[in-house]
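We use all heavy atoms of the structure for the numbers below, so side chains are in, but hydrogens, waters and symmetry mates are not.
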Amino acid sequence: MRIRTLFALAATGALALAATAVAPASAACDPTTQGPCTAATTVEITLSGGTFSIATDAPTATGAGSVAPGSIIAVDMPTTTVTDNRGSLLGWNVTADLTTAPTHVAGETTYTIPGAAMTWVTGTVATTSGALAGVSAGLGGSLAAPVPVAVSVLGFGGGTYTYTPSVSVVVPPNLVAGTYTGTVTQSLA
């Protein structure tokens, strides 16, 4: 009978020892014996895509000068804003194209300034929100064909960018005095 009692006491003591060795999961942390106390929280932030647009701050640009062949007329174009808040960082490309050559009608004759006489200059690209890394002004050039205005490479271009371009016109021969009206279109892709 003594052996059974000793065995029962030993078993009860082992259970008590096991119960004190394993602390419940909700036990308070004691940094003096267990090290620093921590609590982790997973943070999830969902960002949705936004606008992808191009706009100018004025509908009309003007320049004036002599009808003398070879004279140069500067046309200050309005400031252009490119916004890429798509959240894709796919990059973008802006081109300018003379969609309607400047013309003037005198009597029954229409006079035209060809795109070959007009040169696009983008100017400096600046940012109001974003980084200039990976974003640059295009080479510009003759408006006889679409010209590169500004570009953002893949992985860049998120934010808002501005530039103030100009068009230089070398007056061709055989034009009459008057106001010549045409359209330059910038395209964002």
Practice problem: Kindly give the heavy-atom pair with the smallest separation between C37 and D30, and that separation in Å. | Solution: SG-N, 4.2 Å

Quiz prompt | V75 vs M118 side-chain heavy atoms within contact, under 4.5 Å | solution = no

Quiz item: Ignoring hydrogens and geometry, is there a side-chain-to-backbone donor-acceptor pair from Y180 to A177 under 3.5 Å?
Solution: no

Quiz item: Once you round to the nearest 0.5 Å, how far does CG of N93 lie from OG of S152?
Solution: 9.5 Å

Quiz item: Would you say S142's side chain and A144's backbone share a donor-acceptor pair under 3.5 angstrom?
Solution: yes

Quiz item: When you measure from the side chain of T127 to the backbone N and O of T160, does any donor-acceptor pair fall under 3.5 Å?
Solution: yes

Practice problem: Any chance you could measure I54, atom CD1, to D84, atom CG, to the nearest 0.5 Å? | Solution: 12.0 Å

Quiz item: Closest approach of L98 and L143, non-hydrogen atoms and distance?
Solution: CB-O, 3.6 Å

Self-check item: N/O donor-acceptor pair under 3.5 Å between T185 side chain and T99 backbone
Solution: no

Self-check item: Modelled atom types, side-chain donor and acceptor of T162 and T81, under 3.5 Å
Solution: no

Practice problem: Please name the pair of heavy atoms, one in A61 and one in D76, separated by the smallest distance, quoted to 0.1 Å. | Solution: CB-O, 3.5 Å

Quiz item: Is it true that a side-chain atom of W120 and a backbone atom of V147 form a donor plus acceptor pair closer than 3.5 Å?
Solution: no

Self-check item: Heavy-atom donor-acceptor pair, T112 side chain to P114 backbone, under 3.5 Å
Solution: no

Quiz item: Considering all heavy atoms of both residues, which atom of F156 and which atom of A133 are nearest to each other, and what is their separation?
Solution: CD2-O, 3.2 Å

Quiz item: About how many Å separate CG of L154 and CG of L89, when rounded to the nearest 0.5 Å?
Solution: 8.0 Å

Exercise. Give me the one residue out of V125, L188, V135, V149 that meets side-chain contact (heavy atoms from CB on, under 4.5 Å) with V82.
Key: L188

Exercise. Check whether any side-chain heavy atom of P165 lies under 4.5 Å from a side-chain heavy atom of T80, and answer yes or no.
Key: yes

Quiz item: Does Y161 use its side chain to pair, donor to acceptor, with the backbone of A131 at less than 3.5 Å?
Solution: yes

